[in-house]
2 protein chains.
Amino acid sequence: MANQLGLSIDRSSPVPLYHQVVQGIEAAIHNGVLEPGSRLDNEIDLAAQLNLSRPTMRKAMDELVRSGLLVRKRGVGTQVVSSQVRRPLELSSLFDDLTNNGKKPTTQVLSFSHMEADAATLAALQLPAGSKVYHFTRLRKVGGKPLALMENWVRDDIATMDEAMLAAEGLYAILRRGGVNFRLASQRIGAMIANDYQAPLLEAEPGSALVTMERTAVDDTGRMVETGHHVYRADSYSFEMTLVQR
Amino acid sequence: MANQLGLSIDRSSPVPLYHQVVQGIEAAIHNGVLEPGSRLDNEIDLAAQLNLSRPTMRKAMDELVRSGLLVRKRGVGTQVVSSQVRRPLELSSLFDDLTNNGKKPTTQVLSFSHMEADAATLAALQLPAGSKVYHFTRLRKVGGKPLALMENWVRDDIATMDEAMLAAEGLYAILRRGGVNFRLASQRIGAMIANDYQAPLLEAEPGSALVTMERTAVDDTGRMVETGHHVYRADSYSFEMTLVQR
DNA sequence: CTCGTTCTAATGTCAGGACATTGAGCCGCA
DNA sequence: TGCGGCTCAATGTCCTGACATTAGAACGAG
């Protein structure tokens with residue numbers, strides 16, 4: 001591996017070559033092998049160094065440019081962008097985010113029912129009249145401190161669930177195990193004042209600030225899978241994201 | 001143009017072929033020629049119909065998949081996703097968003113100075129000690145109603161600006177005219193309670209909810225260009241976005 | 001009639017080449 | 001000395017071809 005990046009490619013791996021390159025360059029950037037602002041060798045040379053074709057190398061670099069780690073300039077070259085880049089907001093659940101950060105969230109199921117959907121839910125999930133959905137509210141705590149109050153509606157023809165499952169793991173984990181491949185979600189983030197119902201549950205003063213989030217998630221077959229209204233304590237939670245110009 | 005999409009491509013146009021295809025399919029989806037959930041012809045046929053090679057066709061479809069308009073399933077085919085998809089949160093300014101929606105925002109510059117940056121600003125913009133920045137606060141109204149209170153710090157070695165310019169147009173428009181090509185921005189969205197300074201300016205009650213946003217924007221050379229703290233009236237503004245699973 | 005196997009069609013990956021376009025620096029000419 | 005044109009190197013676009021992998025349908029045997 002006599003190359004600039006100090007990485008080698010395993011052609012027997014089931015991981016696609018271009019993806020190995022993506023991971024390799026990401027690692028090189030985070031390890032400091034590639035410093036922010038430094039120029040990479042040109043595509044042709046890099047491909048030759050790794051015994052890859054230029055399209056493969058280019059596809060890898062495309063992904064990195066899209067994710068904002070690299071910047072290409074025609075006629076000039078490719079540079080590492082000034083780092084400090086966090087990962088873009090991903091399609092995941094709060095539960096996953098917390099466990100990935102080493103936290104140990106607990107979930108308390110406040111209500112749970114399997115019922116016929118009302119008109120608003122039918123519209124949000126684009127379901128035919130008379131469809132049944134799961135409807136539940138959960139309170140999530142971290143370190144014993146309340147963080148989020150979540151109300152969700154989930155179509156019932158994908159996975160079965162009950163209170164015990166929701167108390168033990170995240171909603172998205174349950175759905176994924178039921179075979180759902182999430183593709184996209186539209187969400188809206190805003191703010192509100194804690195009302196008399198929310199405040200005691202979140203152990204906050206009535207009148208304190210809450211972050212609100214409404215989300216509807218779509219799977220790879222185009223089905224609307226779940227929709228929910230969440231509120232978070234503003235002093236404990238905020239949404240961080242990285243926007244990339246296309 | 002004997003093809004499924006009812007589009008034809010212009011090989012003499014300076015617009016890349018794959019991009020013409022992207023625009024064509026987007027138009028077909030929005031016009032209803034391609035209905036949500038319908039299957040597209042396979043890549044090979046589509047390419048043949050348009051007299052394109054498969055990689056070119058594929059590159060176009062890649063973009064549409066990334067933006068969430070199409071869904072590919074290996075061994076099966078490609079489908080139009082269930083629409084209802086808004087555009088993902090883009091890297092733009094509030095001013096642009098409002099004017100694009102037909103609104104006529106007005107800006108009132110509350111303070112403006114060109115001064116040496118404090119420690120926090122130096123860190124946020126990664127500037128050397130002693131650098132000077134523009135610092136200003138603006139109040140933005142729509143239809144005479146206050147919407148946002150914005151405080152920004154901008155490095156001064158890119159574009160020159162003054163109060164009059166800021167009152168007349170958006171910050172990003174000024175910077176773009178100065179040659180800045182924005183690449184990415186990291187931002188954090190949260191909530192807070194209006195304090196005694198903010199409430200009268202926004203014509204809101206002290207104690208009402210505000211949406212907060214902190215953003216730092218980076219240009220294509222990796223420079224941190226601007227950073228800002230914004231607050232919005234929660235009853236008038238929220239952040240809408242579409243997340244795409246990678 | 002049911003279940004497992006095979007087959008097929010579609011996307012996923014990869015190679016190698018050709019030419020266009022752009023930016024920047026070099027060089028010569030006025 | 002200044003300025004314009006030229007050259008070169010890099011990315012941008014597009015092509016042809018090949019094989020791998022997968023999901024689903026068709027088919028066969030029990």
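By convention in this document, chain letters (A, B, ...) are assigned in the order of the sequence lines, proteins followed by strands, and residues within each chain are numbered from 1.
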Do you know which of A:Tyr134, A:Trp153, A:Phe136 makes ring-ring contact (aromatic ring centres under 6.0 Å, His included) with A:His114?
A:Tyr134
Would you sort out whether A:Arg138 and A:Asn152 count as a side chain to side chain donor-acceptor pair (under 3.5 Å), showing the intermediate values?
CA-CA 8 Å; A:Arg138 294 170 294 162; A:Asn152 286 85; 3.1 Å; yes
Test: A:Glu240 and B:Arg188 ion pair at under 4.0 Å
yes
Heavy-atom pair with the smallest gap, counting every atom of B:Thr216 and B:Ala124
CG2-O, 3.9 Å
Decide yes or no on side chain to side chain contact (heavy atoms under 4.5 Å, CB included) for B:Gln20 and B:Tyr18, but give the supporting numbers first.
CA-CA 5 Å; B:Gln20 292 184 38; B:Tyr18 69 85; over 6 Å; no
Nearest-angstrom distance from the residue atom CZ of A:Arg39 to C1' of C:dA24
11 Å
Using a heavy-atom cut-off of 4.0 Å to chain A, what are the terminal contacting nucleotides of DNA chain D, in 5' to 3' order?
D:dA10 to D:dT13
Sequence-aligned protein contact record of nucleotides 13-21 of chain C, with B where the base is within under 4.0 Å of a protein heavy atom and S where only the sugar-phosphate is
BSBB-B--B
Assert: residue with more 5' nearest nucleotide on DNA chain C, out of A:Val76 and B:Lys73, is B:Lys73
Can B:Tyr172 and B:Glu226 be counted as having a side-chain donor-acceptor contact under 3.5 angstrom?
yes
Take atom CG of B:Asp62 and atom C1' of C:dT11, then tell me their distance rounded to the nearest Å.
11 Å
Closest approach of A:Val225 to A:Leu125 (non-hydrogen atoms, all atoms of both residues)
C-CD2, 4.1 Å
Give a yes or no on whether a salt bridge exists between B:Glu43 and B:Arg72, defined as a side-chain N under 4.0 angstrom from a carboxylate O.
yes
